[in-house]
Amino acid sequence: MQPVLETRDLTIRFGGQVAVDAVSLAFHKGTLTAIVGPNGAGKTTYFNLISGQLRASAGDVFLRGERITGLPAPLRARRGLGRAFQLTNLFPDLSVLENVRLAVQAQSGVGLQFFQPADRRTDLIDRARAWLEEVKLIHRQHDPVTALSHGDQRKLEVAMMLALEPEVFMFDEPTAGMSVDEVPVVLDLIEAIAQRGDKTVLLVEHKMDVVRRLAHRVVVLHQGKLVADGEPAEVVASAIVQEAYLGIRAKA
Amino acid sequence: MKRQHPVLTALLVLLFVALAAAPFIFPGTKSVATASRVCIFIVLAASYDILLGYTGIVSFAHTMFFAFGAYGVAIPLAAGWVGWDAVLVGTLGSAALAAAVSAAIALLSLRVQRLFFSMITMAVASFAQILATQLREITGGEDGLTFSLPAALQPGFRLLAEPIFGVRADGRLVGYYLTFFVALAMFWLMRRLVASPFGRVLQAIRENEFRAEALGYRTIVYRTTASAIAAAVAAVAGVLMALLLRYVGPSSTLSFDVMTDILLMVVIGGMGSLTGPALGAAVVVLAHYYLQPLMQAGHDALAGVPVLPNLVHPDRWLLWLGTLFVLIVYFFPAGIVGSLKRR
Ligand SMILES: Nc1ncnc2c1ncn2[C@@H]1O[C@H](COP(=O)(O)OP(=O)(O)O)[C@@H](O)[C@H]1O
Ligand SMILES: [Mg+2]
């Protein structure tokens, strides 16, 4: 079966540093792949290369068999690459609802309408509200983003990706910095997407219990290189992961 | 979206009523001309706000598009093609040209850094100024072009034999209401534009361009379209200005003073609201017209007192306007609109 997403020898250099080093991976429909590795391993950079925020120095990205290496980020998003950012990346002075509404509007392709007031497109607004309900943020819909707690901003970030209804979901440490009671809301959502069976999920996550619970497959990046790829149980137990994460724990 | 502050709405309604009835409330050639200028600058400042306030684009070429419109009607009229068809062709042609040139500048340079874009617009505007002074046969050079208006706009024209409420229904009155209704239509269209899905994307781009791209909005398309629309509207304002002055020259349309005025209006009013720049336009135009005479009065009243009369000498009016500007920026950085919002 053709993979939904594939990278071949994907590489990027920043000066002398090779942040992502010839990573070749294929991701299939209905799978959830966890990407793990210590801080600075190149996980976020790998995502940026896939979703088009950065241009590869070498190698290629394929979406449903089509080469998209040179395509700018907006066009990749339209083709179904959804991205939730590690560092929260929202429209700070707009309301929570407007943030999601903009994502719904992007998904519906009505951005270049000049005359009809956006407020009259109640269909878009209702859909935005539905996504806010999914992430349990509906009660904050009229607040400006800046009034949200860090955890709520992460949820909003997730709601915006959901609203794009992508084929490929890229979550970059979605629960980092969240309080314990907020984490399940996001994890349950990710699990629900994975269980639908028709989507492809990439998840960068440090918590090994989460990885073991959600992932069908785990890949390990270390200094930009792919160093392990396999079943969650065996990869998590492997020496390389133990070493990497013990390293993190020792530092933290 | 946030509702407009009731005081702002009230001010806007007041401005509308004052302008709608201006020839009757403030009769006289000078005050009607001032009211026309307010209408024109509302359009010009609001169109600039679409760039600066809604999209975060800093352009110094806006007066150039204003000049496109002014010369666009002046050239056929001065060449002896005096008629509404000439005005219409000049308007549509210059608006289309303004949109095309603006889109070209945007496409070529909006990809680069914002500061660089601003500098390019400045260079293009200077180039246009040079062109306008050098292409003497077409533009009249430094002297500009004087021309006749279609009959219905000439002072001698009588729409009605009898005065309405004591005001003669002459070509000037027709000209004023032409300006008023065109300005009103433009302002209404711009309000629709910024409230549309397109306008919302512009605000998103201003807030976080990177994120807008990640959602799938090609920001270059949006910013280019916004630039083109703003330029076309500025050209329409230029047409109205030419019809008001019956004269077009580099200093009245292309000079940096006009650009400074636009910036003043947008900053005083508060950008990103259209209402703010409209109010700012009224304030600045009125200051232009009435600050100087006011200072003359102060100057005369203070005759004999040491130093003071010199301070309020009418020649210092720009100094005072500048001081006012600095004070406003310092104490009300978000302009009239922003100050009302915080309360
Ligand atoms: N835009 C950039 N310019 C220069 N270096 C970068 C850039 N983005 C990432 N890097 C470097 O690439 C390496 C990988 O970073 P990152 O992908 O953020 O790691 P991770 O997400 O795995 O923690 C780091 O050393 C980082 O400093
Ligand atoms: Mg990262």
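Reckoned from all heavy atoms, side chains included, excluding hydrogens, waters and symmetry mates. Just so it is clear, the model here is predicted, and its values are computed rather than measured.
- Both the backbone and the side chain of A:L102 come within contact range of chain B, each with at least one heavy atom under 4.5 Å from a heavy atom of that chain.
- B:R223 and B:E209 are joined by a salt bridge, as a carboxylate oxygen and a charged side-chain nitrogen come within less than 4.0 angstrom of each other.
- The part of B:T225 that comes within reach of chain A is its side chain, from C-beta onward, which places non-hydrogen atoms under 4.5 angstrom from that chain.
- Within the model, atoms OH of B:Y217 and CZ of A:R78 stand 9.0 Å from one another, a figure rounded to the nearest 0.5 Å.
- In A:R120, the CZ atom is not crowded: 12 or fewer heavy atoms of neighbouring residues, nucleotides or ligands sit closer than 6.0 Å.
- Each of A:P117, A:G82, A:A77, A:A118 has some count of heavy-atom pairs under 4.5 Å with chain B, and the biggest count is that of A:A118.
- Separating the OG atom in B:S47 from the CG atom in B:L274 is a distance of 9.5 Å, to the nearest 0.5 Å.
- With sequence neighbours excluded, the residues that form a salt bridge (charged side-chain N to carboxylate O under 4.0 Å, His left out) with A:R67 are A:D60.
- Of the two parts of A:Q116, only the backbone, made up of N, CA, C and O, holds a non-hydrogen atom closer than 4.5 Å to a non-hydrogen atom of chain B.
- Your options are A:S51, A:P92, A:P166, and the one with the most heavy-atom pairs under 4.5 Å with chain B is A:P92.
- Interface summary for chain A: among B:V201, B:I229, B:L189, the most heavy-atom pairs under 4.5 angstrom belong to B:V201.
- For a residue to count as touching a neighbouring chain, one of its non-hydrogen atoms must lie under 4.5 Å from one of that chain's; by this rule B:V221 touches chain A with the side chain only.
- Applying the ring pair (Phe, Tyr, Trp, His ring centres under 6.0 Å) test to pairs two or more places apart or on separate chains, none has a residue in residues 146-165 of chain A.
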